[in-house]
Q: 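Let me begin by handing over the structure; questions about it come next.
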Amino acid sequence: MGTFYISTPIYYVNDLPHIGHIYTTVVADVVARYRRFIGDDVFFLTGTDEHGQSIMKAAERLGIEPQEQADRVVSRYHEHWKTLGISHDDFVRTTEARHRVAVEEMVRRIEASGDFYTDLHEGWYCSSCESFYTERELLPGHRCPTHESETEWQSEENVFFRLSKYQDRLLELYAGETPFVIPPSRANEVRSFVEGGLKDISVSRAGLGWGIPFPGRENEVVYVWLDALTNYLSALGLGSDDASKLDRYWHEGGTRINLIGKDILRFHAIWWPAFLMSAGLPVPSTVAIHGWWLRDDKKISKSVGNIVRPDELIETFGPDALRYFLLREMVFGQDASFSDEAFVDRFNSDLANDLGNTVSRLVKLSRSSFDGKTPPEACSDNPLIAAAESAVAGYHEAMGEFAFNRALASLWKLLSETNQYLVAREPWKLVKSEGPSASVSRILWNGLEAVRIVTTALSPVMPTTAASILAAIGGDAVPVERDTLAWGRTPLDQPLAEPVPLFPRIDKAAFLSGEEGAAAPPKAAASPAPKQAPAQESDMITIEEFFKTQLKMATILTAERIEGTDKLVKLMVDLGEESERTLVAGIAEQYSAEELVGRQIAVVANLKPAKLRGVESQGMLLAASVDGKPVLLGPDSQVPNGTPVK
RNA sequence: GGCGGUGUAGCUCAGUGGUUAGAGCGAGCGGCUCAUAACCGCUAGGUCGGGGGUUCAAAUCCCUUCACCGCCA
């Protein structure tokens, strides 16, 4: 077997892990585990990108050093990957010394190729993106198209990389017989972009920012992308005294996969191979591009606030259920929609009914038929053998193509065939009529064996679940060899423990409404408290819900203190209606009656009236609440009374 | 505006010239009762976005049009 290298992108430490990071990392983990399983020598790398102005600014806001800021977020990543069972071989951080050495080596090598030159770099600069924009790319007012923040005109001398020189070699790379970029739609995108001509890119930034000093240039740092991309080799020891890992995993004969999301396609499919060509190093064999998770069919973005951090799902249903869902639901390369309903449906139908119930069914049948043990006699001639071979073949083929959904579907077909087989043979009836006979033994052993094969193949996707099922049916603890997928390994006459439901069915309606106790945690999970639906969803309201609140502008006509209270004031306001309304507001400590009269305010017009100190308040005025003290909201300019606010 | 992609049963999708267009989920009916109200069987009548063309034959090839998405400008 060969060597197999796979990486995730390094994640930027200005953000905590969300479903996008989790998906990428789980995919890489599944591939890594699968390749180890079939016998490859695997190196699986993930890590964090810790340089750049955003980190520096975030640290400043918190009053800490950038490194401290990075350390804090990195520890969260470590926690997540541990919880999710990520089996990376190394975790690289761009603030590590070994990474700096590698970047310096890249710079030295590219320099030696004569691909650097200095020139003036000018444009509208967004400090959040750390990118220059042309006039036409900007939003009105010279604002950044990504961050909508203001940009500033900058002109500085930078080091440029001769990207344009590599146009032809890149096109050759894309035209090679093994696809450099998968899926093909992304490869087309990249090719047409490169065919359109490449401009040289600047790879240094002026100033002593939070980054790696550019070798030989006192007051510049290495541009974040040249810095970040090099991570893929710094963990292998590029630039260090020890080249053993580099030689072992990053050579033309091995498989070298950079797994990324579609947002960073160009950097990985164009810049990265060009840097490597210039540096005289092998390029990746494949850059694999996955799609994005949508939330209920909408794009996920920070500004919309619909980021999915599935901590609750993991805590309630275990990491394997999420791993399964992510791989089963998404067609690799395409976008997919994440919804609680889809998750529950997958959980109930695939995990509870198909997998969990089939295991439980067979274990209980065997226990009751054979005195608490696995069947004493095996079978080497039955329809399940061919079905299993076919399922395993389909699984291997799909796994090799990153078609994880098909790989899982192939295994689930065997589960279905196993249930069909059992119904056709009705061993529970045979036991009654002929006792624990040889035929009963063979039937149940076949069923267990089919389940064992499914579970073994499933172990890269659901490692924890697979281990407990295999233990439950008396098999090997952890499958480590490809030939454990061959028919015939379920042990005979071995004690079977009373099965515990692996995936108790979820009451869907109750779960979706966030009801307590809707979901029982699987197995003996350490966190027994049932959780409600993720906070992200329950905290959000629809626009319709928002419009239930009628907000209107009004003018204060009179104001008088209410006797015997410190805070309350009675206001008569004009809401543009036939008659005036009375409001009672707790603002007397901050506003005198005199300064209130004539002022325009925003009012909740459809609030149920309430009596305060005997005075009925027919609405509520809006104020910002600063430490409990009100600051009135008013219009930017005079508006008619009754004007709706929305 | 240019290039590319997608549009197939309620939902998610498979199917690139050839018998009555498929799967899973959901729904309905029936069966079974070993199993986590699970499992098994049957049913569901979708003008394969619209229009035109090529062909003995098209979801599958060509042209055109509409909608949505991506990349670029």
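Protein chains get the first letters and strands the later ones, always in sequence-line order, with residue 1 at the start of each.
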Q: In whole angstrom, give me the gap between the P atoms of B:U65 and B:G2.
A: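 Taking atom P in both B:U65 and B:G2, they lie 11 Å apart.
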
Q: Say you pick atom C1' in B:G46 and the same atom in B:G7; how far apart are they, in whole Å?
A: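 That atom pair is separated by 14 Å.
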
Q: What is the base-pairing partner of B:U19, counting Watson-Crick and G-U wobble geometry with both distances under 3.5 Å?
A: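 By the stated definition (distances under 3.5 Å), nothing pairs with B:U19.
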
Q: Are any of the side-chain heavy atoms of A:Tyr174 and A:Arg169 separated by less than 4.5 Å?
A: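 Result no, sub-4.5 Å side-chain heavy-atom pair not found.
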
Q: Could you check how far CZ of A:Phe193 sits from P of B:G4, rounded to whole Å?
A: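 Atom CZ in A:Phe193 sits about 17 Å away from atom P in B:G4.
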
Q: With a 4.5 Å limit on heavy-atom distance, are the side chains of A:Asn258 and A:Ser7 in contact?
A: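 Answer yes - side chains close enough.
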
Q: Would you say the rings of A:Phe275 and A:Phe161 are close, in the sense that their centroids are separated by under 6.0 Å?
A: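 Between A:Phe161 and A:Phe275, the centre distance is under 6.0 Å.
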
Q: Can you list the residues that meet the salt bridge (Lys or Arg N to Asp or Glu O under 4.0 Å) rule with A:Arg328, with sequence neighbours excluded?
A: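 Once residues adjacent in sequence are excluded, A:Arg328 has no partner under the salt bridge (Lys or Arg N to Asp or Glu O under 4.0 Å) criterion.
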
Q: Mind checking A:Gly356 for me? I need base, sugar-phosphate or nothing, with any heavy atom below 4.0 Å counting as a touch.
A: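 Contact class for A:Gly356: base.
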
Q: Please state the P separation for the pair B:G70 and B:U54 - nearest whole angstrom.
A: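 Pairwise P distance, B:G70 against B:U54, rounds to 37 Å.
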
Q: Under 3.5 Å for both donor-acceptor distances, Watson-Crick or wobble: does B:U43 have a partner, and if so which one?
A: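 Paired with B:A27.
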
Q: Could you tell me whether A:Arg406 contacts a base, only the sugar-phosphate backbone, or nothing, with contacts defined as non-hydrogen atoms closer than 4.0 Å?
A: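 It contacts nothing in the nucleic acid.
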
Q: Just checking A:Phe338 against A:Phe325, ring centres under 6.0 Å apart?
A: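 Yes, the ring centres sit under 6.0 Å apart.
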
Q: For A:Leu198 and B:C71, give me the distance from atom CG to atom C1', rounded to whole Å.
A: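 Roughly 14 Å, once rounded to whole Å.
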
Q: What is the base-pairing partner of B:A9, counting Watson-Crick and G-U wobble geometry with both distances under 3.5 Å?
A: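 Answer to the pairing question: none, since B:A9 forms no Watson-Crick or G-U pair.
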
Q: Is there a side-chain contact between A:Lys413 and A:Ser416, using heavy atoms and a 4.5 Å cut-off?
A: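 Heavy-atom side-chain distance check fails, nothing below 4.5 Å.
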
Q: Between A:Phe267 (CZ) and B:C71 (P), how many Å, whole number?
A: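 A:Phe267 atom CZ is separated from B:C71 atom P by 13 Å.
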
Q: Suppose you measure atom C1' in B:C61 against the same atom in B:C56; what distance do you get, rounded to whole Å?
A: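 These two C1' atoms come out 16 Å apart once rounded.
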
Q: Establish, with yes or no, whether the OP1 or OP2 oxygen of B:C39 is under 4.0 angstrom from a side-chain nitrogen or oxygen of A:Asn353.
A: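 For A:Asn353, the contact criterion (side-chain N or O under 4.0 Å from OP1 or OP2 of B:C39) is met.
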
Q: Across the strands shown, which category fits A:Ser360 at heavy-atom distances under 4.0 angstrom: base, sugar-phosphate, nothing?
A: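 A:Ser360: base contact, heavy atoms under 4.0 Å.
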
Q: Between C1' on B:C25 and CG on A:Asp345, what's the gap in Å once rounded to a whole number?
A: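 So the CG-C1' distance, A:Asp345 to B:C25, works out to 7 Å.
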
Q: Here's a test of your reading of the structure: between A:Asn188 and A:Arg328, which maps to the more 5' nucleotide of RNA chain B?
A: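 Taking each residue's closest nucleotide, the earlier one in sequence belongs to A:Asn188.
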
Q: Polar pairs (N or O, both sides) under 3.5 Å between protein and nucleotides 27-34 of chain B?
A:
unit_1, atom_1, unit_2, atom_2, d
B:C34, OP1, A:Lys432, NZ, 3.0
B:C34, O2, A:Arg361, NE, 3.0
B:C34, N3, A:Arg361, NE, 3.0
B:C34, N3, A:Arg361, NH2, 2.5
B:C34, N4, A:Arg361, NH2, 2.7

Q: What is the pairing partner of B:C3, taking Watson-Crick or G-U wobble pairs with both distances under 3.5 Å in any strand?
A: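 Answer to the pairing question: B:G70, which forms a Watson-Crick or G-U pair with B:C3.
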
Q: Could you tell me the separation between the CG atom of A:Leu362 and the P atom of B:U36, rounded to a whole number of Å?
A: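 After rounding, the gap between these two atoms is 12 Å.
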
Q: Strictly distance-based, threshold 3.5 Å: is any side-chain N or O of A:Ser164 a donor or acceptor partner for the main-chain N or O of A:Lys199?
A: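 The answer is no, because no donor-acceptor pair under 3.5 Å joins these two groups.
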
Q: Are side-chain heavy atoms of A:Asp200 and A:Arg162 found at a separation under 4.5 Å?
A: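 Yes, at least one pair of side-chain atoms sits under 4.5 Å.
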
Q: Looking only at atom types and distance, does a side-chain atom of A:Gln154 sit under 3.5 Å from a main-chain N or O of A:Tyr125, one as donor and one as acceptor?
A: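 No, A:Gln154 side chain to A:Tyr125 backbone: no donor-acceptor pair under 3.5 Å.
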
Q: Specify the residues of residues 407-421 of chain A, ordered by number, for which at least one heavy atom lies under 4.0 angstrom from an atom of RNA chain B.
A: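 Contacts with RNA chain B under 4.0 Å: A:Ser416, A:Asn419, A:Gln420.
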
Q: Separation of A:Met330 atom CE from B:A14 atom P, in whole Å?
A: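 Spelled out: CE on A:Met330 to P on B:A14 is 14 Å.
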
Q: Here's a test of your reading of the structure: between A:Glu329 and A:Asp350, which maps to the more 5' nucleotide of RNA chain B?
A: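 Whichever sits nearer the 5' end wins; that is A:Glu329.
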
Q: Within the 4.5 Å heavy-atom criterion, are A:Val283 and A:Met277 side-chain neighbours or not?
A: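 A:Val283 reaches A:Met277 side chain to side chain.
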
Q: Which whole-number value in Å describes the distance from A:Asp335 CG to B:U12 P?
A: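 After rounding, the gap between these two atoms is 14 Å.
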
Q: Could you give the distance separating B:G10 and B:G26 at their C1' atoms, to the nearest angstrom?
A: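 The answer is 8 Å between these two C1' atoms.
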
Q: For the residue pair A:Tyr395 and A:Tyr34, is the inter-centroid distance of their aromatic rings smaller than 6.0 Å?
A: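 Judged by ring-centre distance (under 6.0 Å), A:Tyr395 and A:Tyr34 do meet the cut-off.
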
Q: Could you check whether any side-chain heavy atom of A:Thr178 comes within less than 4.5 Å of a side-chain heavy atom of A:Ser285, counting everything from C-beta outward?
A: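 The answer is no, as the side chains (C-beta and beyond) never meet within the 4.5 Å cut-off.
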
Q: Measuring only the C1' atom in each nucleotide, how far is B:C25 from B:A44? A whole number of Å is fine.
A: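 These two C1' atoms come out 14 Å apart once rounded.
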
Q: Would you indicate what A:Asp354 reaches in the nucleic acid, counting non-hydrogen atoms under 4.0 angstrom: base, sugar-phosphate, or nothing?
A: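 Sugar-phosphate, backbone atoms only, no base.
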
Q: Can you tell me the distance, in whole Å, between the CD atom of A:Glu189 and the P atom of B:G5?
A: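 In whole Å, B:G5 P lies 11 Å from A:Glu189 CD.
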
Q: Say we look at B:C66 and B:A59: how far apart would their P atoms be, to the nearest angstrom?
A: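 Per the computed distance, 23 Å lies between those P atoms.
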
Q: Scan every strand shown for a Watson-Crick or G-U wobble partner of B:C32, both distances under 3.5 Å, and answer none if you come up empty.
A: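 B:C32 is unpaired by these criteria.
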
Q: Using the P atom as the point on both nucleotides, what is the distance between B:C63 and B:G5, in whole Å?
A: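 To the nearest whole Å, 12 Å.
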
